[in-house]
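Report on the structure given below.
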Amino acid sequence: MDRYTSVSPAEVGIMSGLIGAGIGYTLAPRKYNLEQLLTLRQDVFEKSFQQKLFEKADNTQKTARNAIIDARKSLVEASKTNTAEAMLVEFVRSDKLDAAYKSIKRFLPKARVQSAIVLGVIGAFIGALSKIIFFKEKP
C-alpha cells in the first residue's frame, strides 16, 4: 500500500507566497532612490510620502518635499509632450533635487516591504495555480 501525504493548493500557495515574500524582501532596495521617487504612481506616492510625516520636520525638509512634488508635477506635464525621459534624466542629475532627496531620505518608507508583499502575492497565486493545474490528485 502506498502512503503519501496530500498537499492542498492552499498550502502550496501559502508556502510559495512566503518564499516569494522572502525573495522580494531580500532583493529589493532598502529605500526608494530619487528616480523611483519621482516616477512612483501618484496614489503610492501620496500613501508613502504623506504630509503628516513632515509635521515635525524642519523648514529645509519641508522645502525639499515641495521641490520633489514640483519635479513630479513637471514630469507629468512633460509626459504630455513626450519629453519626460529627458526631464527625468535632468532631474536625477540635478544637485538641487539630489540635496532635497538626501535631506528627506529618512522620511522615505522602506521599499523592501512593498516588494515583499508584491512578490509574496504573485508567488502564492502562481504556486496555488500550478498545484491545481499540474499535480492532479491520485484516486
Distance check, rounded to the nearest 0.5 Å: [X] atom [atom1] versus [Y] atom [atom2]?
X    : Y    : atom1 : atom2 : answer
I126 : I133 : CD1   : CD1   : 10.5 Å
I68  : K96  : CD1   : NZ    : 10.5 Å
E85  : L75  : CD    : CG    : 9.0 Å
L37  : N33  : CG    : CG    : 8.5 Å
I117 : I122 : CD1   : CD1   : 12.0 Å

If only atom types and distance count, is the side chain of R72 paired as donor or acceptor with the main-chain N or O of L40 below 3.5 Å?
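Pair found, side chain donor or acceptor close to backbone of L40.
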Salt-bridge present (K62, D58; N to O < 4.0 Å)
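Looking at D58 together with K62, the answer is no, because their closest N to O distance does not fall below 4.0 Å.
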Electrostatic pair E90:R93 at N-O distance under 4.0 angstrom:
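Salt bridge: no.
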Is the shortest heavy-atom distance from the side chain of I69 to the side chain of K73 under 4.5 Å?
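I69 vs K73: side chains touch.
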F91 side chain near S74 side chain, heavy-atom distance below 4.5 Å:
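They are in side-chain contact.
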Which atoms form the tightest heavy-atom contact between [X] and [Y], and what is the distance?
X    : Y    : answer
A128 : V12  : N-CG1, 4.4 Å
Q61  : S103 : NE2-O, 3.3 Å
L88  : T39  : CD2-CG2, 3.7 Å

More than 12 foreign heavy atoms under 6.0 Å from CE of M15: is that the case here?
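It does not: M15 CE has 12 such atoms or fewer within range.
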Flag if over 12 foreign heavy atoms under 6.0 Å of CD, E11
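Counting other residues, nucleotides and ligands, CD of E11 exceeds 12 neighbours.
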Steps toward side chain to side chain contact (heavy atoms under 4.5 Å, CB included) verdict (L129, F125)
CA-CA 6 Å; L129 189 63; F125 178 74; 4.0 Å; yes
same_hphob_cluster(V92, L97) at 4.5 Å side-chain heavy-atom cutoff
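Yes; L97 is reachable from V92 via cluster members.
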